[in-house]
Amino acid sequence: MPELPDVEKHRRTVAEHAQGRTVERIEVNDPELLHGTTAQGLGRSLVGRTVAEPRRHGKWLLVPFDTDGPTLLYHFRMTGELVWVTDPTADAAGGAVTLDLGNGQLVYRSRRRLGGVSYLRAGQEPQEVTGELGPDATTLDREQLGALLAGRRGGLKSALLDQSLIAGLGNELVDEILWRSRLHPRRAAAGLGQQELDTCHEQLQDVLRRSIRAGHVPAAADWLTGQRDADDPRCPRCQAQLETDQVGGRTTLWCPQEQPARQA
DNA sequence: CCTAATGTTTGTGC
DNA sequence: AGCACAAACATTAG
């Protein structure tokens, strides 16, 4: 269930196991999930090349090859994952796009077949594939956050979810950040007071830091998002019944006691 | 059978 | 132009 912390975990997998290794063979079992080239083209281009340092921007994982070679862009949408497999008989099956690096295989798969792996020629801009992306959420300072929100006319949650504004925040992360900041998801993005903005920035960074360390969301049992699938979802702080509705087109949970619709 | 699902894109309409 | 909303994407799970 990929959110930014899951993508960051995949980046580390590549950095730990694949970086510095040379591609021996590629395997494409689901050509629909390979964009920008064909299976044959991918093999011609990548076999013999060395995996360079992986980067992450928002929910995109960029894996460059050689110093001036092509780049693979991984996107996970709802069900994608990237796993390092050393026993091919066990896990490699079901992989849509696999890089064989000799000592193991980097396997991309997506159960719902959303997302995929995009091939970027040397010198081609990632933005051609990713579309416009705001600054990565983990790098946002308070002033940047304030400026970005101040320029929006719509709702707070919608703004935080907009990848072209801030890259990397997903549905669960945003609910968590708003709950901890005691801000209602439908508050006006541009309407936060200085204190509220401070809190929002602080909680945004803290939620990211903790969930990246955990490698997933929620990072702990007392997080709001742990209540998502509960029979009787309650606020982990005050035990009030949580509210559920669609906000910004997404299922949203909040505490009606602690996250008032209007500024206090 | 129906509904909803952690993400994004595309179209429509204000 | 900016933003909200709905539907679509492909598939699984409940």
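When reading the values below, keep in mind they use all heavy atoms of this one structure, side chains included, and skip hydrogens, waters and symmetry mates. In what follows, every chain begins at residue 1, and chains take the letters A, B, ... in the order their sequences are listed. Not measured: the values here are computed from a predicted model.
- Between A:Arg113 and C:dC9 there is no side-chain N or O to OP1 or OP2 distance below 4.0 Å.
- Salt bridge A:Arg152/A:Asp162: present, at least one basic N to carboxylate O contact under 4.0 Å.
- Within the 4.5 Å cutoff, side-chain heavy atoms of A:Tyr119 are placed close to those of A:Leu42.
- For A:Gln163, taking side-chain heavy atoms from C-beta onward, the closest of the listed nucleotides B:dT8, C:dA10, B:dT6 is B:dT8.
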N/O to N/O distances under 3.5 Å, protein versus nucleotides 9-14 of chain B:
none

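- In the interface, the side chain of A:Arg112 is paired with the base of C:dA10 through a donor and an acceptor atom under 3.5 Å apart.
- A:Arg250 comes within 4.0 angstrom of a nucleotide base, judged by non-hydrogen atoms across all strands.
- Between the CD atom of A:Glu172 and the C1' atom of B:dA4 there is a distance of 14 Å, given to the nearest Å.
- Nucleic acid contact for A:Gly151: sugar-phosphate only, since backbone atoms but no base atoms lie under 4.0 Å from a heavy atom of the residue.
- Rounded to whole angstrom, the span from the CZ atom of A:Arg111 across to the P atom of C:dA10 amounts to 17 Å.
- Taking atom CG on A:Leu165 and atom P on C:dG2, their separation rounds to 11 Å, with Å as the unit.
- A salt bridge is defined here as a Lys NZ or Arg NE, NH1 or NH2 lying under 4.0 Å from an Asp or Glu carboxylate O, and A:Glu3 with A:Lys59 fails to meet this definition.
- A:Gln246 has its CD atom 21 Å from the P atom of C:dC3, to the nearest Å.
- In this structure, A:Arg25 places its CZ atom where more than 12 heavy-atom neighbours from other residues, nucleotides or ligands lie under 6.0 Å away.
- Across the P atoms, C:dC3 and B:dT6 are found 23 Å apart, a figure rounded to whole Å.
- Spacing between atom CG of A:Leu4 and atom C1' of B:dT8 amounts to 16 Å, rounded to whole angstrom units.
- For the P atom pair drawn from B:dG11 and C:dA10, the interatomic distance equals 16 Å after rounding to whole Å.
- Between A:Lys157 and A:Asp175 there is a salt bridge, with a side-chain nitrogen of the basic residue lying less than 4.0 Å from a carboxylate oxygen of the acidic one.
- Backbone-only engagement by A:Gly170 is indicated by non-hydrogen atom pairs under 4.0 Å involving sugar-phosphate atoms exclusively.
- Between the NE2 atom of A:His35 and the P atom of C:dC9 there is a distance of 15 Å, given to the nearest Å.
- Within 4.0 Å (heavy atoms only), A:Ser110 reaches no atom of the nucleic acid at all.
- An OP1 or OP2 oxygen of B:dA5 is reached within less than 4.0 angstrom by a side-chain nitrogen or oxygen of A:Thr251.
- Residue A:Leu114 has its side chain nearest to C:dA10 when only B:dT8, C:dA10, B:dT6 are considered.
- Across all strands, A:Gly155 comes closer than 4.0 Å only to sugar-phosphate atoms, never to a base (heavy-atom distances).
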(request) Could you summarise the pairing of DNA chain B as dot-bracket text, marking Watson-Crick and G-U pairs under 3.5 Å with ( ) or [ ] inside the strand and | across strands? (result) .||||.||||||||
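- With B:dA5, B:dT8, C:dC3 as the choices, the nucleotide that has an atom nearest any side-chain atom of A:Arg153 turns out to be C:dC3.
- Rounded to whole Å, atom P of B:dT6 lies 16 Å from atom CD of A:Gln227.
- Among the nucleotides C:dA10, B:dT6, B:dT8, the one closest to any side-chain atom of A:Asn171 is B:dT6.
- Judged by distance alone, the side chains of A:Glu176 and A:Thr225 do bring a donor and an acceptor atom under 3.5 Å apart.
- Side-chain atoms of A:Ser110 and A:Thr79 form a donor-acceptor pair, as typed in the model, at a separation below 3.5 Å.
- Figure legend: cation-pi geometry between A:Arg182 and A:Trp254 absent, as NZ or CZ is not positioned both under 6.0 Å from the six-membered ring centre and within 45° of its axis.
- Ranking C:dA4, C:dA10, B:dA5 by closeness to the A:Glu32 side chain, first place goes to C:dA10.
- Among the protein residues, A:Ser158 comes within range of the sugar-phosphate backbone only, with heavy atoms under 4.0 Å from sugar or phosphate atoms but none that close to a base.
- Comparing B:dT8 with C:dA13, their P atoms sit 22 Å apart, to the nearest whole Å.
- Counting heavy atoms from C-beta outward, A:Thr22 and A:Leu101 have side chains that stay 4.5 Å or more apart.
- Two residues are said to be in side-chain contact when any heavy atoms from C-beta on lie closer than 4.5 Å; A:Gln257 and A:Cys238 meet this criterion.
- Looking at A:Arg180 and A:Asp206, a side-chain N of the basic residue comes within less than 4.0 Å of a carboxylate O on the acidic one, giving a salt bridge.
- A straight line from CZ of A:Phe76 to C1' of C:dC9 spans 18 Å, rounded to a whole angstrom.
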